[in-house]
Amino acid sequence: MYTQFHTSTLLPTLPLTHSPPLSRRTILLYSHRLPPLHRRRPTSLRFPLRISSCINSTGTISSSLSTEEEEERPSNNKRVKAYPFHEIEPKWQRYWEEHKTFRTPHDDLDTTKPKYYVLDMFPYPSGAGLHVGHPLGYTATDILARFKRMQGFNVLHPMGWDAFGLPAEQYAIQTGTHPKITTLRNIERFRSQLRSLGFSYDWDREISTTEPDYYKWTQWIFLQLLKRGLAYQAEVPVNWCPALGTVLANEEVVDGVSERGGHPVIRKPMRQWMLRITAYADSLLEDLNDLDWPESIKEMQRNWIGRSEGAEVEFHVMDTDGQQTDIKIVVYTTRPDTIFGATYLVLAPEHILLSSMVSEAQSKHVEEYKELAARKSDLERTELQKEKTGVFTGCYARNPATGEAIPIWIADYVLGSYGTGAIMAVPAHDMRDHEFASKYNLPICGVVMPNDQNISSFDKAYSGDGTVINSSNLTTGLDINGLSNKEAASEVTKWLEKSGNGKRKVNYKLRDWLFARQRYWGEPIPVIFLGETGETVPLPETELPITLPELDDFTPTGSGEPPLSKAASWVKTFDPLSGKPAERETNTMPQWAGSCWYYLRFMDPKNSKMLVDKAKEAYWSPVDVYVGGAEHAVLHLLYARFWHKVLYDIGVVSKKEPFQCVINQGIILGEVEYIAYRDPDGNLISADIVDELTELSQERVPEDEVRKSGDSYVLKDNPTIRLIARAHKMSKSRGNVINPDDVVSEYGADSLRLYEMFMGPLRDSKPWNTSGIEGVHRFLARAWRLIVGSPSPSGEFKDGTVALDEEPSTDQLRSLHKCIDKVTEEIEATRFNTGISAMMEFINAAYKWKKLPRSTAEAFVLLLSPYAPHMAEELWSRLGHSNSLAHEPFPKANPEYLKESTLVLPVQINGKTRGTIEVEKECSEEDAFRLASQDSRLSKFLDGQKVKKRIYVPGKILNVILDAKKVKVGQR
Ligand code: ANZ
């Protein structure tokens, strides 16, 4: 799946504090930096305290690690490896592979056990390899998978490749390397990178969408869609990109250019395959309610489906004598209540009736305008800020409610692809119509009056609710004056239906899915066209897979004919049923196809008889947790839900929805940059007083010269100077990309995993911070030394462990069980960062113990294992186990040890609080008084005094009233 890492549009900057607008001059000056603020310290000393600073969801920097730790340094002051991760990690990766530790049984699965299906959005194996953004979601799912496995679930945790797509083909065009070769090479690289991070995938279930064994079933699904009329061909205006030589989906066009490569895109009618996703609009909408997805994604899907209720209204076109003709323009409106305010009609420039009605005088203008509009994407056309343009058609239509003739215009803000491609314009109540009417001097007639104010002239559109005015016509018999606009809407709809002028209508923004691509590297569409008639014939299922032919020349033909048309001997074929000569379809499926159903194939990846075995599907469905980037909120998740619903209707799957819970991981941004401003004289200027007019230069300030002050960042040496803190999306051009391979080689995979989880809440976007990774690395080293012991001066660690076969004390058990309780709760709530904090607290407490009981160490290692599995396995084996810990039961917290047994009791003497004592919860009055008398701060008030009265409220307070006159004999 293409992820955020391949696009350039997401989150360009994250302003963390007030960021004043910069003049052009400022930006120019930015590259000519003034001398640094302070002489920089050597890099190795730049984070002297090694405080892990990370920016949390509220944009504040939080110090997250204790600074009391000592780094292991031998006398020559060279940093030694904190623990031998270089040896441990490959060793355990090999072990897991050889022992197939994470294989999920296939036919021999014990289905009486509960199941847990945890899935990553499988990646598109790009040439760039893994990005640090990938392991964020993958570590989260891996923790869940390992945790649930240890809790006795059958876990399905697979990985595969969404490997069809443009980049491999573009590369083939440039270099002649076959996309298959590039794809295999990239998969190889991704796989080895993922293995090096210790993810517990069942590699026996690996799939690639480009393998014929896989796409055979993608093609099979297409045939089922075709059989049910859900796939069809249509001549549709498509986004044609001449430079890429292909048609693009709306979402692949951004601001009139292709998302990939930025090439101009024009609208052009072409024969295309379409999938009737609109037939499922209602169930796609309704079933969202039962899903445990982020509300924001559900809302995006609802908006994308865009259900609206309204009416279709017929307007008869009039001839030059003002007589009504048979030509009817049907408009779609969500505001039938405003029909008396419809003072003109607007057609989309591509409206099919246009040519049959446009006046001679206007036809040249209309044609020119049509051409201009064809070059714009729907997105550009509907942009609210865009100045409205249009052309008068020269003709009129009759408003059925008023009976009046109103002009017909064309304008590109009306889309051919929505509703009926025509609107009744009500400028008094619709902003865009108002802007248009004002520009072209068209009448504006207010018909809804707000209830709380009187508007005398509608000099801007009023789109709210109110009471209907100016809306009665004796001739047509329609009178809605005085009604609320809601009542009026339903009255008008009834009248339209009764008078034959229209009908109630539900509309969707959702369009059928354009399902053909003029590219090579995609699934062939399994249909042929008979030679003589051109009739479309679906190939029999027995013919599948229709494999891609070999091809040397991948360049698009440029005419719109797909590159596959160059494979002449493949194209020429026979209808297997009638034996007649035929030609194969040369369009291929879009990149989204393979990812629509892959989660099903993981349940039964090698089945050659069917897409997925029924019993296996019934057991594993639905996916319990699906983690991926928010950029797939609409398209992938909607397309997959659509296919799933079709498969449900034909009995292939047993559940209505594929993914019960979806989590979007945030984006990892580059390191935070701190920026200071200087005026032309070189004086530092605080960011909060910078204005647009002052010409300032900017310069970066090293992190160790910055401190946080309230919500802002200031210079340590001069706290009156506020700085800007910002983090950018990682990109090659900024040079702020962190390569996970480098992190693994410097700190180890466990540190990378732990750090990515510790950066902040999984769902938040957060900046990378190198000192943060050092922090978690040191935590792991502490855990290692706690259990293994300190290294020799040369840095070697002894074999085995320092843990002893001793019973843990109650105190130790309390620390441990608090940690178990917290880690369990936090994993279950997918709050992995706070789970790590709990382990850090435990390690801090354990460092104070004189002895480490083996059972306590073992339990801690099990807790750590989902996060840092390599180290945990190694420690587990040092603690005397010969098997992997992957299937060991996850520790359970004993509630006995979670109770707080002591409390802090305030002690008052003569009504004045003089101190506190720590007492057992069930402490008696006598004991409390005794402890108070022994307390060094309190004894000075009590010694030698006679007590008159004691007031003791258990758990709350001890108040001692002294007898002022009497002094106890012998106590002075
Ligand atoms: C008259 C009217 C009066 C409208 C008013 C709105 C406010 P949704 O809710 O998004 O479905 N419309 C209809 N078809 C259109 C098209 N092809 N291109 C652009 N705009 C179109 O929006 C429905 C409203 O959007 C319709 O209701 C129509 O304008 C406009 F006070 O009709 B309305």
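Just so we're clear, the structure is a prediction, and the values are computed from it rather than from any experiment. Both ligands and their constituent atoms are indexed starting at 1 by order of listing.
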Task: Parallel, tilted or perpendicular, as decided by the 30° and 60° cut-offs, for the rings of Tyr344 and Phe436 - done: parallel
- [ ] Name the closest protein heavy atom to atom 11 (O) of ligand 1, giving the residue it belongs to and the distance to 0.1 Å.
- [x] Tyr418 OH, 2.4 Å
TODO: Report the residues that fulfil salt bridge (charged side-chain N to carboxylate O under 4.0 Å, His left out) with Lys460, sequence neighbours left out, ordered by chain and then residue number.
DONE: none
Task: ligand 1 atoms in contact with Val414 (distance to a heavy atom under 4.0 Å) - done: 16 (C), 17 (N), 18 (N), 19 (C)
- [ ] Give me the ring orientation class for Tyr626 and His636: parallel if the planes are under 30° apart, tilted from 30 to 60°, perpendicular past 60°.
- [x] perpendicular
Open item on the list: Taking 4.0 Å as the limit for heavy-atom contacts, which would you say applies to Thr334 with ligand 1: side chain only, backbone only, both, or neither?
Closed with: both
TODO: Measure the acute angle between the ring planes of Trp643 and Trp513, then classify it against the limits of 30° and 60° as parallel, tilted or perpendicular.
DONE: tilted
- [ ] Starting from atom 28 (C) of ligand 1, locate the nearest protein heavy atom and write down its residue, its atom name and how far away it is, to 0.1 Å.
- [x] Tyr332 O, 3.7 Å
Open item on the list: Just to be sure I read this right, does ligand 1 sit under 4.0 Å from the backbone of Ile423, its side chain, both, or neither, counting only heavy atoms?
Closed with: side chain
- [ ] Using the test salt bridge (charged side-chain N to carboxylate O under 4.0 Å, His left out), find all partners of Arg641 that sit at least two apart in sequence or belong to another chain.
- [x] Glu657
Open item on the list: What protein heavy atom lies closest to atom 25 (O) of ligand 1? Include the residue and the distance to one decimal.
Closed with: Arg432 NH2, 4.1 Å
- [ ] Examine Thr338 against ligand 1 and note whether any of their N/O atoms are separated by less than 3.5 Å.
- [x] no
Task: Contact partition for Val426 relative to ligand 1, non-hydrogen atoms under 4.0 Å - done: side chain
Open item on the list: Tell me the protein heavy atom at minimum distance from atom 33 (B) of ligand 1, and give that distance in Å.
Closed with: Thr333 OG1, 3.6 Å
Task: Of the listed options Asn303, Leu415, Val313, closest to atom 17 (N) of ligand 1 (non-hydrogen atoms) - done: Leu415
- [ ] Please determine if Lys268 forms a cation-pi arrangement with Trp240, meaning its NZ or CZ atom is less than 6.0 Å from the six-membered ring centre and no more than 45° off the ring axis.
- [x] yes
Open item on the list: Can you tell whether the side chains of Lys364 and Glu367 come within less than 4.0 Å, N to carboxylate O?
Closed with: no
Open item on the list: Suppose we measure from atom 5 (C) of ligand 1 to each protein heavy atom; which comes out shortest, and what is that distance?
Closed with: Arg335 CG, 3.5 Å
Task: Identity and distance of the protein heavy atom lying nearest atom 19 (C) of ligand 1 - done: Tyr413 O, 3.4 Å
Open item on the list: Does any N or O of ligand 1 fall below 3.5 Å from an N or O anywhere on Ser308, backbone included?
Closed with: yes
Task: Basic-acidic side-chain contact under 4.0 Å: Asp337, Lys486 - done: no
Task: Heavy-atom check, side chain of Leu226 versus side chain of Trp273, under 4.5 Å - done: yes
Task: Aromatic Tyr332 / basic Lys505 pairing, under 6.0 angstrom, 45° off normal - done: no
Open item on the list: Give me the nearest non-hydrogen protein atom to atom 31 (F) of ligand 1 as residue plus atom name, then the distance to 0.1 Å.
Closed with: His429 O, 3.0 Å
Task: For atom 10 (O) of ligand 1, closest protein heavy-atom neighbour - done: Lys509 NZ, 2.5 Å
